[in-house]
Amino acid sequence: MTAIRPRRSALYMPGSNARAIEKAKTLAADVVIFDLEDAVAPEAKGEARERVCAAVQTGGYGRRELVIRVNALDTPWGEADLAAAAAAAPDAILVPKVSSAEALVAVGRRLRHLGAPERTRVWAMVETPLAILQAEPIARAARDPETRLACLVMGTNDLAKDTRARLLPGRAAMLPWLMTALAAARAHGIDILDGVYNALSDAEGFRIECEQGRDCGFDGKTLIHPDQIAAANAIFAPSAEEVASARAIVAAFEQPENQGKGAINLGGRMVERLHAEMAMRVLALAEAIAAKA
Ligand SMILES: CC(C)(COP(=O)(O)OP(=O)(O)OC[C@H]1O[C@@H](n2cnc3c(N)ncnc32)[C@H](O)[C@@H]1OP(=O)(O)O)[C@@H](O)C(=O)NCCC(=O)NCCSC(=O)C[C@H](O)C(=O)O
Ligand SMILES: [Mg+2]
């Protein structure tokens, strides 16, 4: 099994907000996303680019994964963002409004041309109606090493804007699109993060939406405020009961009497070898989270 990198909580912050960029060094988010796109006004784009790239190069963020969200390449800022981000060498560059696999191939080529280090991966926002319709080819681009694609990120605000679907409790309208993107990501072995929850002060609504995202299979949730980090970290981590159950399943299949069996009875439940594989992933994720502490 490849090493797991926990991505329970991915906190966006405007690249124009110096206080937030500094504060992120002390926050328990697994991922810090420095935004140069929608959270930054056009007149502040240049200054934000410089501030964000300097912060990434200077460091001080410990084990947090650092991601720069650039403006789309067809905007007046995209090319300069990509060049500056490539030189800053974050863990990943998040590309917004991706609607085709070809767009990712073009970004990958530009990054190679710019000399971006191999360790800098590409993440793609899934936030246009076309991206939903093209989710499988977009995720399949991860099989082409030139694209560097490692993770999809749902952009539910843009999806709501472009489709006119409403972001209501339960997300009935969004669920088919969330699951389409999730199936595409899983089919091609990459991670996928759920969209943001805009109601900053609604802790209960946020908890419910995190649990829904976790139960849908997302690896974590994108966040907009530090107050959302603790709940996301707890909900997207395996619970103590899940870890205990995973240990029991792995131990059961290690028993000599179960060596040749594909399915066993464990405490009144049928458990198959696929459950042992799932259990090993739960244990690996729990270990990776513990190693961060
Ligand atoms: C939403 C906010 C504008 C709220 O700001 P504010 O009211 O100022 O927050 P607080 O006063 O409660 O802040 C308390 C302290 O926390 C720091 N803070 C706040 N937000 C962040 C953050 N995101 N990261 C780091 N630190 C943050 C404040 O500086 C305060 O610190 P201190 O001075 O020490 O007390 C604001 O939270 C915000 O700007 N959030 C992020 C907005 C953003 O990045 N949006 C773009 C991404 S969302 C998106 O585009 C999704 C996708 O593309 C889609 O289509 O769906
Ligand atoms: Mg968006």
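Numbering of ligands and ligand atoms starts at 1, following listing order. Here the structure is a predicted model, which means the values were calculated and not measured. The chain is numbered in sequence order, starting from 1.
- Of the candidates A20, G155, G15, the one placing a heavy atom closest to atom 25 (C) of ligand 1 is A20.
- Looking at V196 next to ligand 1, no N or O pair under 3.5 Å apart turns up.
- Selection from I229, I224, N17, L11 by nearest heavy atom to atom 38 (C) of ligand 1 gives I224.
- Nearest protein neighbour of atom 39 (O) of ligand 1, counting heavy atoms only, is P14 CG, 3.4 Å.
- Counting protein heavy atoms only, atom 4 (C) of ligand 1 is closest to L200 CD1, 3.9 Å.
- At least one N or O atom of R69, backbone or side chain, sits closer than 3.5 Å to an N or O atom of ligand 1.
- In summary, D219 and R186 engage in a salt bridge, as defined by a charged side-chain N under 4.0 Å from a carboxylate O.
- Nearest-heavy-atom check against atom 13 (O) of ligand 1 across H225, M154, E37 picks out H225.
- Within 6.0 Å of CD in E272 there are more than 12 heavy atoms belonging to other residues, nucleotides or ligands.
- Nearest to atom 32 (P) of ligand 1 by heavy atom, out of M13, E22, R19, is R19.
- By the definition of a contact as any protein heavy atom under 4.0 Å away, atom 29 (O) of ligand 1 is in contact.
- Atom 2 (C) of ligand 1 lies below 4.0 Å from none of the non-hydrogen atoms of the protein.
- The protein heavy atom nearest to atom 20 (N) of ligand 1 is P226 CD, 3.5 Å.
- Put simply, atom 41 (C) of ligand 1 has protein non-hydrogen atoms near it, under 4.0 Å away.
- Among protein heavy atoms, atom 47 (C) of ligand 1 sits closest to Y12 CG, 3.4 Å.
- Remark: of the listed residues R214, R7, R171, R8, R171 is the sole one forming a salt bridge (charged side-chain N to carboxylate O under 4.0 Å, His left out) with D194.
- Among all non-hydrogen protein atoms, the one lying nearest atom 45 (N) of ligand 1 is A39 CB, 3.6 Å.
- At the shortest separation from atom 56 (O) of ligand 1 among protein heavy atoms lies N157 N, 2.8 Å.
- For ligand 1, the polar-atom distance check against D38 finds no nitrogen or oxygen pair separated by under 3.5 Å.
- Distances from atom 50 (O) of ligand 1 to the protein include at least one heavy-atom value under 4.0 Å.
- Between Y197 and F206, the ring planes lie tilted relative to each other; the angle falls in the 30° to 60° range.
- The nearest heavy-atom contact from the protein to atom 17 (C) of ligand 1 is K23 CD, 3.5 Å.
- Not a single protein heavy atom sits closer than 4.0 Å to atom 6 (P) of ligand 1.
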